[in-house]
Amino acid sequence: MFSMPAYADPDSALADLESTVLSKGPNGEDPSPASSLELTDAELQKIKDMKATAAIVMHYGGNDWSRAQVEGLQDQFGKMGIEVVAVTDAGFKPEKQVADIETVMAQEPDIIVSVPTDPAATAAAYKAAADAGVEIVFMENVPPGMKVGEDYVSVVSADNYGNGVAAAHLMAKALDGKGQIGLIFHAADFFVTRQRYDAFKATIASDYPDIEIVAEQGIGGPDFAGDADKAASAILTSNPNINGIWAVWDVPAEGVISAARVSGRDDLVITTIDLGENVAINMASGGFVKGLGAQRPFDQGVAEAILAGYGLLDKEAPDFVALPALPVTKDNLLEAWKTVYRVDATDKIQQSMN
């Protein structure tokens, strides 16, 4: 009797991800779509009349995702008549981010939009800002002890769990559902990168019994590409028959690309999360990167700015807003770049497609 294979159909699973959100919020909240956020003309005028100011306090600024977030925020704040008085980059160091928050607070902003580097280590600084009356909108994660509607307006995230699922299906598709793989994960208490890792592992385990995870290594940064290069080199040396490596986001994936080149592993399959220019160039040229789950950082920034407006107006906001994953392969790379960044793919990417 004919029986269906135990593994999923990657193509149908990937198509489903573009219209659903699998992630829950940091405190288990159900997601609300960004498309549900709205400010009326009258509300916009009220906000413009406030002549409000905002500070953007980033965890890390060295990638395309962070730049697109800031661009989305600045674009939407401009439409709302809100002046951005500071954009900071903590370099993934909690103590630097605490200092950044204290520095921007001296400018008395009405709004702070921020990604906490280490939620527990930065909690007191955010709480002090909230107690001073600042409207806080978080990206991705929330410090412990802070209450939505009281200490902060809302939290906005990509579907990080969904992107982890996407990267797993893309890996399986590239490997025809069988082989040995390694994982390079983020060794930190960071909610969204843990979601990606959990989702990737769970999807491989449940849908692809012929794919075996034979090695895992955590990286702590801040030299994420360098750390991933070392980790991938060790994995490749210890597991000469390995077929693929998943990296937790695009900058670590650049380190895996480097290690694969040095090891002469032209056949290695890499999947990751986040559509950065370097991994896009590699994908476009038919290199190691066969697929990735992209976030929608520009749109995320727009949503965060609108929610800051909700805060200024004391308008009831959803607790957790999420944007769906966007699976990307070479086939839809140019279209996906435009969706993610609102501009055409760079010349380097377009030249690499040829």
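Here, residue 1 is the first one in the sequence, and each next residue gets the next number. Computation of the quantities below employed the complete heavy-atom set of this structure, encompassing side-chain atoms and omitting hydrogens, waters and symmetry-equivalent molecules.
Every residue was checked against the side chain to side chain donor-acceptor pair (under 3.5 Å) condition with Asn332, not counting sequence neighbours, and none meets it. Scored by the side chain to side chain contact (heavy atoms under 4.5 Å, CB included) test, Lys79 finds Asp75, Gln76 as partners (sequence neighbours excluded).
Checked against the 6.0 Å centroid threshold, Tyr126 and Tyr152 do not count as a close aromatic pair. Remark: aromatic rings of Phe138 and Phe191 are distant, center separation not under 6.0 Å.
Separation of atoms CG (Asn163) and OG1 (Thr271) is listed at 11.0 Å; rounding is to 0.5 Å.
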Criterion side chain to side chain donor-acceptor pair (under 3.5 Å) on Asp49 and Gln45, from CA distance to verdict:
CA-CA 6 Å; Asp49 291 343; Gln45 191 55 53; 3.0 Å; yes
Candidate pair Leu312 and Ile82, rule side chain to side chain contact (heavy atoms under 4.5 Å, CB included), full reasoning:
CA-CA 11 Å; Leu312 293 174; Ile82 294 170; 4.0 Å; yes
Take Lys201 and Glu216, measure what salt bridge (charged side-chain N to carboxylate O under 4.0 Å, His left out) needs, and give me the verdict at the end.
CA-CA 11 Å; Lys201 283 189 77 170; Glu216 299 186 35; 2.9 Å; yes
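Contact check on Arg265 versus Asp267 returns a salt bridge, with a Lys/Arg side-chain nitrogen under 4.0 Å from an Asp/Glu carboxylate oxygen.
Annotation for Tyr310 and Leu37: closest pair OH-CA, 3.5 Å, computed over non-hydrogen atoms. Minimum interatomic distance between Thr53 and Glu108 (heavy atoms only, all atoms of both residues): OG1-O, 3.8 Å.
Screening Trp249, Phe92, Phe224 for a ring pair (Phe, Tyr, Trp, His ring centres under 6.0 Å) involving Phe190 leaves a single residue, Phe92.
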